[in-house]
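I have placed the structure first, in the form of structure tokens, so that the comments after it can refer back to it.
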2 protein chains.
Amino acid sequence: MAKEYPRIDITVDAVVFGYKPDEGISVLLIKRKKDPFKGTWAIPGGFVEVDESLEHAVSRELKEETGIEVNYLEQLYTFGEPKRDPRKRIVSVAYYALVKPDIYEVHAADDAEGAEWFNIEKLPKLAFDHKYILEMAIFRLRNKISYEPVGFELLDKHFPFSELHKLYETLYGKEIDRRNFKKKFLSLGILKELKEKNSGGKGRPGLLYQFDKDKYFQLKKKGIVFEI
Amino acid sequence: MAKEYPRIDITVDAVVFGYKPDEGISVLLIKRKKDPFKGTWAIPGGFVEVDESLEHAVSRELKEETGIEVNYLEQLYTFGEPKRDPRKRIVSVAYYALVKPDIYEVHAADDAEGAEWFNIEKLPKLAFDHKYILEMAIFRLRNKISYEPVGFELLDKHFPFSELHKLYETLYGKEIDRRNFKKKFLSLGILKELKEKNSGGKGRPGLLYQFDKDKYFQLKKKGIVFEI
DNA sequence: GCAAAAGTGTTCCTTTTACACCCATGC
DNA sequence: GCATGGGTGTAAAAGGAACACTTTTGC
């Protein structure tokens, strides 16, 4: 009576974003060690084990393949076209992740022959439908940053205002008036101004700031909307 | 060498929304015919066949279980907690769908003992984690309607302006000034005003309107943003 | 002619944009 | 002392919110 369903395998993939003010937005890719697409760059990922959550699978695979631990992880979309993997039917739950600059170091391992950061403007050819996944992730990040304070996940804990500003300019792909941006962002009341100043670099050193997570959640509970 | 992965089953579920001005937003649920949760209301859905796309699986299951055909379908989120199904590990790709009032008629079939519309304010107890899925779908719909013109998928092809207005009031859960709303919406330039007037009903009959999809996509291509 | 809903315009206020000058530091 | 980037305020413009009166229909 029960219909016999041929099995479908399930994997997770993760688009990991990093940011450096002078290099822009980068994505962590691995070079595949096995066929199909052996030697081609791909988004890290792998099979989900039967007793682990999807998020756990993502974190585990990222650690195994690239040695990285991310500080922000969110589901992006599930890709399930019958022919997206040439071997067999695979449904992949894609995530995107953000990492802070101080854990930028990666080391290839496991199924990866290499692991490297690529600027999102200069991507190599990608395996499977990973180009499409990556594009969707970039689109999502651009959007997300406009209505949720996720940008901080790409910055150091303490950062000069100019880095936040540059991050938004980079993601929006256009110039944003420095003064108006600062006015608006500060008026949200979710940044702590620190006593420290930014050392090194040219010009007048600016004060450092820190994201005030508690304040943000207080305001959010009150129904105040982040929008930038 | 290859690790043996115990299999995970994959299903699709669909939160189907309908709207009637005097009844508000409703959701289509089915009464389960089998265990687990036999006799409990649930979101329609089922297993994905190995050679069909996820969207196809959703449409097929909806047709089988409830007899309905939807005119808008979008992926919501993938739920994959190890214990979300008491029998075995199941990852479910959830969708949400919108139907127009004229195909509101449903007939239970297949695995469903019953299929009924429930107002989203008066939901019964639901099987599995379906309450959570439904809440997420409602949240998503509320949001979506603010930045994409999906509201029309819940209205008849020709509708009086008041219905569009009421739909937004219902979803936003608050009053919206009728005149400002109309001014803003019409200024988007994506509505065709028809010669026909709304027949029946109380008060002065209003003109009927129609969503101008072509115009919308033209404007979208130009970078003009829908926001209401 | 009364109740109900639709059509329409103006004013006020808030938010956004545009823009310029001075200040602190490194070399 | 000069180049570089940081800090700050104001005025004009645009967009959003508040609001009232007239018109068309059914009963």
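Here the structure is a predicted model, which means the values were calculated and not measured. Letters go in sequence order (proteins before strands), and every chain restarts at 1.
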Worksheet, complete the sentence: Walking DNA chain C from its 5' end, the first of B/Gly203 and B/Tyr209 to be reached, judged by nearest nucleotide, is B/Gly203
Worksheet item: Start at the 5' end of DNA chain C and walk down; is the nucleotide closest to B/Asp177 or to B/Asn198 reached first?
Response: B/Asn198
Worksheet item: For the pair made of OH in A/Tyr172 and P in C/dT16, what is the distance, rounded to whole Å?
Response: 13 Å
Fill in: Given C/dA6, D/dC19, D/dG7, the nucleotide with the shortest approach to the side chain of B/Ser162
C/dA6
Item to complete: Please check the phosphate of C/dT25 (OP1 and OP2 only) for any side-chain N or O of A/Lys197 closer than 4.0 Å.
Response: yes
Worksheet item: Between C/dT15 atom P and A/Ile224 atom CD1, what is the distance in whole Å?
Response: 12 Å
Discussion item. Rounded to whole Å, how long is the line connecting atom CD of B/Glu175 with atom C1' of D/dA18?
Written reply: 13 Å
Practice prompt. Give the rounded distance in Å between these two atoms: CZ of B/Phe185 and C1' of D/dG15.
Written response: 18 Å
Fill in: Minimum-distance nucleotide to B/Arg178 side chain [options: C/dT8, C/dT25, D/dG7]
C/dT8
Discussion item. Just N and O in the side chain of B/Lys184: are any of them under 4.0 Å from OP1 or OP2 of D/dG15?
Written reply: no
Response to the item:
From CZ of A/Arg204 across to P of C/dA24 the rounded distance in Å is 5 Å
Response to the item:
A/Lys183 has its side chain closest, among D/dG6, D/dT10, D/dA17, to D/dT10
Discussion item. Starting the side chain at C-beta, find the nucleotide from C/dA20, C/dA6, D/dG7 nearest to A/Leu207.
Written reply: D/dG7
Worksheet item: Does any donor atom in the side chain of B/Tyr19 or B/Glu163 lie under 3.5 Å from an acceptor atom in the other side chain?
Response: no
Worksheet item: For the pair made of NZ in B/Lys182 and P in C/dA5, what is the distance, rounded to whole Å?
Response: 15 Å
Discussion item. Angle between ring planes, B/Tyr216 versus B/Phe211, binned at 30° and 60°: parallel, tilted or perpendicular?
Written reply: tilted
Worksheet item: According to the interplanar angle, ranging from 0 to 90°, do the rings of B/Phe161 and B/Phe181 count as parallel (below 30°), tilted (30 to 60°) or perpendicular (above 60°)?
Response: perpendicular
Discussion item. Taking A/Asp177 first and then A/Arg179, would you say they form a salt bridge - that is, a charged N and a carboxylate O separated by under 4.0 Å?
Written reply: yes
Worksheet item: Nearest to the side chain of A/Arg179 - C/dT8, D/dG7, C/dC19?
Response: C/dC19
Worksheet item: Does A/Lys202 make a side-chain N or O approach to OP1 or OP2 of C/dT25 shorter than 4.0 Å?
Response: no
Fill in: Protein-nucleotide distance (A/Lys174, atom NZ; C/dT16, atom P), rounded to Å
13 Å
Discussion item. With side-chain hydrogen bond (donor to acceptor under 3.5 Å, both in side chains) as the test, pick out the partner of A/Gln210 among A/Glu196, A/Lys192, A/His158.
Written reply: A/His158
Discussion item. From CD of A/Glu193 over to C1' of D/dG7, roughly how many Å is that when rounded to an integer?
Written reply: 10 Å
